[in-house]
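Notes follow the structure.
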Amino acid sequence: MADAALAALSPTFDAMYSGIGRPSIPPEQLLKSCLLMAFYSVRSERLFCEQLDYNLLFRWFLDMGMEDASFDHSTFSQNRDRLLEHDVARRFFLAVMSQAQSAGLTSSEHFSVDGSLIEAWASLKSFRPKDEKDEKKEPPDDKGNPTVNFHGQKRGNATHASTTDPEARLARKGDGKEARLAYSLNGVMENRNGLLVDLAVMPADGFAERDAAVMMLEGLKSRNARASVGADGTGGLPGGRRVQPGADGAADCRIGALRPLPPPG
């Protein structure tokens, strides 16, 4: 399935890379490497490149020989960023989903939308005041891992930002939960078979779950003449476990030619 999707993306890869210069890591191997990192919870590019030296399963999946050199982690990161710039990851996802649709593995009738938080690759120590001047900073006790005391400080997204990931937002999943730098991860699930049909990552600004839900449901309008959609009561589309007719989220669904599921009972 992955190989068929990558073959369909071959023209995109040809346009991304120059015909001259030093050979780079093949984009097909980059994408399949990202799949391995997700499937086996490999936490970093450096660790993945180390495992590639001895993991025969990884080498088989990447079509690498026993004596082929492993990737350099710095080159791997740079080339992966190129894929993100050209939105190749989303095209790959859509190509795989198209295969599932062609095989009749997805329904076009019943969907659910939901969202969660994914932690950003930025430390809370990097969450500094936006108007902080470099000359006002005290010399760190440890340049690699300085001690930072947040006691008594009021920190928020309006006044602070991460110095290493400015798009990350300080957010928490609910009352009593710890706040962390995160993004809002939102998805549309097809209910009959439990397959993900759309995905969106947005800044966790408090409205991202609902905005992403409406945006993704608009994309279903062109593929589904009539469909129903449900959502939980934590964000997305308000109205309890299923969208209540007449609620703001339900009105947004009707704009996208989708009908809200009736309330339970």
Side-chain angles (χ1 to χ4, degrees), residues 1-106 118-122 164-168 182-190 193-203 212 216 219 223:
M1 181 175 285
D3 290 337
L6 291 171
L9 292 174
S10 182
T12 302
F13 297 147
D14 292 339
M16 288 170 47
Y17 288 81
S18 173
I20 59 176
R22 182 171 58 88
S24 180
I25 299 176
E28 294 85 356
Q29 290 184 341
L30 279 175
L31 278 171
K32 294 174 76 171
S33 297
C34 292
L35 289 178
L36 289 173
M37 293 176 66
F39 292 156
Y40 292 93
S41 301
V42 183
R43 65 178 182 269
S44 68
E45 292 88 352
R46 182 187 293 271
L47 181 59
F48 175 78
C49 293
E50 290 178 0
Q51 293 190 16
L52 198 57
D53 284 332
Y54 58 82
N55 195 314
L56 299 183
L57 174 63
F58 286 6
R59 285 182 168 269
W60 169 81
F61 187 71
L62 297 178
D63 298 319
M64 295 178 63
M66 293 282 291
E67 298 180 355
D68 291 346
S70 299
F71 305 144
D72 180 82
H73 67 88
S74 59
T75 305
F76 184 94
S77 301
Q78 293 175 356
N79 283 272
R80 189 195 59 179
D81 292 341
R82 181 182 300 175
L83 296 181
L84 295 176
E85 292 174 0
H86 290 81
D87 202 23
V88 172
R90 181 168 184 80
R91 296 183 184 183
F92 177 72
F93 170 79
L94 293 176
V96 173
M97 188 186 69
S98 177
Q99 294 183 53
Q101 291 175 333
S102 300
L105 300 178
T106 62
I118 55 173
E119 191 168 357
W121 283 359
T164 56
D165 190 353
E167 295 182 352
Y183 287 89
S184 176
L185 175 65
N186 308 274
V188 177
M189 299 293 297
E190 180 272 314
N193 301 284
L195 296 179
L196 183 70
V197 297
D198 204 351
L199 186 71
V201 179
M202 302 177 66
M216 292 185 293
R223 303 195 298 267

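Only a predicted model underlies this, so the values are computations on that prediction, with no experimental measurement involved.
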For the student: nearest non-hydrogen atoms of Ala95 and Ala5, plus distance
CB-CB, 3.7 Å
Is there a donor-acceptor pair under 3.5 Å between the side chain of Ser98 and the backbone N or O of Leu94?
no
Strictly by modelled atom types, are Arg46 and Ser77 linked by a side-chain donor-acceptor pair under 3.5 Å?
no
Going from OG on Ser33 to CE on Met64, what distance comes out if it is rounded to the nearest 0.5 angstrom?
8.0 Å
Reported CZ-to-OG1 distance for the pair Arg91 and Thr12, which is rounded to 0.5 angstrom:
4.5 Å
Heavy-atom closest pair (Ala8 atom, Pro11 atom, distance to 0.1 Å) is O-CD, 3.6 Å
Any residue meeting ring pair (Phe, Tyr, Trp, His ring centres under 6.0 Å) with Tyr40, in chain and number order, not counting sequence neighbours
Phe58
In Å and rounded to the nearest 0.5 Å, what is the OG to CE distance from Ser102 to Met97?
10.0 Å
Heavy atoms of Leu56 and Met66 approach each other most closely as CD2-SD, 3.4 Å
Counting N and O atoms only, with roles assigned by atom type, does the side chain of Lys32 sit under 3.5 Å from a partner on the main chain of Ala2, one being a donor and the other an acceptor?
no
Do you know the tightest heavy-atom contact between Ala69 and Arg59?
C-NH2, 4.4 Å
What do the steps show when you test Leu105 against Asn193 for side chain to side chain contact (heavy atoms under 4.5 Å, CB included), and what is the final call?
CA-CA 7 Å; Leu105 300 178; Asn193 301 284; 5.5 Å; no
What's the verdict on side chain to side chain contact (heavy atoms under 4.5 Å, CB included) for Asp68 and Leu62, showing C-alpha distance, side-chain angles and the deciding distance?
CA-CA 11 Å; Asp68 291 346; Leu62 297 178; over 6 Å; no
Residues at least two apart in sequence or cross-chain that pass side chain to side chain contact (heavy atoms under 4.5 Å, CB included) with Trp121, listed by chain then number, are Glu45, Arg80
Can you tell me how far apart CG (Asn186) and CD1 (Ile118) are? Round to the nearest 0.5 Å.
9.5 Å
If every non-hydrogen atom of Ala120 is compared with every non-hydrogen atom of Tyr183, which pair is closest and at what distance?
CB-CE1, 3.8 Å
Are Ile25 and Asp72 packed together at the side-chain level, in the sense that at least one heavy-atom pair is separated by less than 4.5 angstrom?
no
Would you check if Val42 and Leu36 make a side-chain contact, meaning some heavy-atom pair closer than 4.5 Å?
no
At what distance, to the nearest 0.5 angstrom, does CG of Leu6 lie from CE of Met1?
12.5 Å
Residues Val197 and Glu190: closest non-hydrogen pair is CG1-CB, 3.9 Å
Under 6.0 Å from the CD atom of Gln99, do we count more than 12 heavy atoms belonging to anything else shown?
yes
Tell me every residue that passes salt bridge (Lys or Arg N to Asp or Glu O under 4.0 Å) with Arg90, counting only those two or more places apart in sequence or in another chain.
Asp198
Decide yes or no for Asp3 and Glu28: does some side-chain heavy atom of the first lie under 4.5 Å from some side-chain heavy atom of the second?
no
Please round to the nearest 0.5 Å and tell me the distance separating atom CG of Leu30 and atom CZ of Phe76.
5.5 Å
